[in-house]
Amino acid sequence: MTEEDSVKRKVKQVEGDINEAENVRNRVNKGAWTAEEDQKLAEVIAIHGAKRWKTIAAKAGLNRCGKSCRLRWLNYLRPNIKRGNISDQEEDLILRLHKLLGNRWSLIAGRLPGRTDNEIKNYWNSHLSKKMNQHSEKESDILKRKGCKRKVDTELREEETSQEFESSSNLEFDVDNLFDFSNEGPDLEWMSKFL
DNA sequence: AACAACCTCAACCGCATCAGA
DNA sequence: GTCTGATGCGGTTGAGGTTGT
């Protein structure tokens with residue numbers, strides 16, 4: 001694609017965004033969903049399937065944009081959604097997958113049945129990122145003081161905490177299944193080969 | 001009791017990519 | 001090959017709840 005094409009595309013996208021923004025200002029509902037909206041959306045999806053979100057929004061008589069309907073369905077209304085209480089095993093899985101994949105939340109979520117990318121992203125940002133920071137701080141602290149002949153009690157305790165963190169990661173799960181990326185498309189084939 | 005600070009999570013936004021005409 | 005609308009993704013925001021002072 002030439003630079004000119006890319007500029008044209010950009011302009012179109014901006015125009016589209018402006019239109020969407022105007023729509024939003026004029027008529028589209030925003031903010032928290034009501035039980036009534038949820039029900040309407042679920043009914044329409046049951047009939048027409050979870051695709052053509054703009055049409056679904058219109059058919060349901062919701063003053064919502066398609067994007068909003070899609071998000072609501074995927075993160076809240078979809079069947080088999082697990083809510084709350086991420087288990088230790090799930091947390092461990094998230095930590096490992098994040099180490100491997102980075103912030104590719106949808107891929108990570110794909111390995112955690114019933115969990116959404118949004119939920120995992122939120123959980124990471126509110127719980128795990130802090131935990132990781134604390135963990136790495138402890139590690140660097142110990143490294144700094146490695147010259148000391150004797151470890152003081154507190155340092156030992158910190159090491160124990162660190163070991164607890166590591167050992168809590170030794171929960172059981174199907175590694176082969178977890179790290180089988182063969183169905184994720186060509187961009188992750190390298191990972192399958194690598195593993 | 002009142003207020004501020006902090007935390008959580010649902011929802012929105014902007015952009016990239018896909019798919020069909 | 002190009003255009004355009006639809007979809008998917010990750011980052012960000014903000015309302016509401018909780019905790020601390």
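Basis for what follows: all heavy atoms, side chains included, without hydrogens, waters or symmetry-related copies. Every chain is numbered from 1, with letters handed out A, B, ... down the list of sequences.
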CD of A:Glu119 versus C1' of C:dG10: gap in Å, rounded?
16 Å

On the nucleotide C:dG11, are OP1 or OP2 found under 4.0 Å from the side-chain N or O atoms that A:Asn103 carries?
yes

Just so I know, are the side chains of A:Leu97 and A:Leu107 near enough to count as touching, which here means a heavy-atom distance under 4.5 Å?
no

Nearest-Å distance for atom pair CZ/C1', residues A:Arg70 and B:dT17
13 Å

Given the rule that I, L, V, M, F, W and Y join up when any side-chain heavy atoms are under 4.5 Å apart, are A:Leu71 and A:Ile56 in one cluster?
no

Rounded to whole Å, CH2 of A:Trp105 lies from C1' of C:dG10 at a distance of 9 Å

A:Asn122 CG to A:Leu128 CG distance, which is reported to the nearest 0.5 Å
11.5 Å

If a pair satisfies salt bridge (charged side-chain N to carboxylate O under 4.0 Å, His left out) and one of its residues is in residues 32-56 of chain A, list it, with sequence neighbours excluded.
A:Glu36-A:Lys40, A:Glu37-A:Arg64, A:Asp38-A:Arg72

Check the distance between B:dA10's P and A:Glu37's CD and give it to me in whole angstrom.
16 Å

Can you name the atoms? Protein N/O to nucleotides 4-9 of chain B N/O, anything below 3.5 Å, with the distance.
unit_1: B:dT8; atom_1: OP2; unit_2: A:Ser126; atom_2: O; d: 3.1
unit_1: B:dT8; atom_1: OP2; unit_2: A:Lys130; atom_2: NZ; d: 3.4

Do the rings of A:His98 and A:Trp124 sit parallel, tilted or perpendicular, given the 30° and 60° boundaries?
parallel

Between P of C:dA6 and NZ of A:Lys67, the distance in whole Å:
12 Å

Using a cut-off of strictly less than 4.0 Å between a heavy atom of the residue and any atom of DNA chain C, enumerate the qualifying residues of residues 48-58 of chain A by number.
A:Lys51, A:Arg52, A:Trp53, A:Lys54

When the distance from NZ of A:Lys30 to C1' of C:dA15 is rounded to whole Å, what number comes out?
14 Å

Send over the distance from A:Asp117 CG to C:dT12 P, rounded to a whole Å.
16 Å

Applying the side-chain hydrogen bond (donor to acceptor under 3.5 Å, both in side chains) test to A:Tyr123, which of A:Glu90, A:Glu91, A:Arg115 qualifies?
A:Glu91

Which residues pass the salt bridge (charged side-chain N to carboxylate O under 4.0 Å, His left out) test with A:Lys59, not counting sequence neighbours?
none

Checking A:Tyr76 now: which residues fulfil ring pair (Phe, Tyr, Trp, His ring centres under 6.0 Å) with it, not counting sequence neighbours?
none

So how far is it from A:Ile108 CD1 to A:Leu93 CG, rounded to the nearest 0.5 Å?
9.5 Å

For DNA chain B, determine which residues of residues 71-78 of chain A have any heavy atom closer than 4.0 angstrom to one of its atoms, and list them numerically.
A:Leu71, A:Arg72

Do A:Asp92 and A:Gln89 come within less than 4.5 Å of each other through their side chains, counting heavy atoms only?
no

Between C:dG11 atom P and A:Ile108 atom CD1, what is the distance in whole Å?
10 Å

Side-chain heavy atoms of A:Leu112 within contact of A:Glu119, under 4.5 Å:
no

Where the side chain of A:Ser68 is concerned, which of C:dG11, B:dC12, C:dC9 is the nearest nucleotide?
B:dC12

Identify whether any heavy atom of A:Gly66 sits under 4.0 Å from a base atom; if not, whether one sits that close to sugar-phosphate; answer base, sugar-phosphate or nothing.
nothing

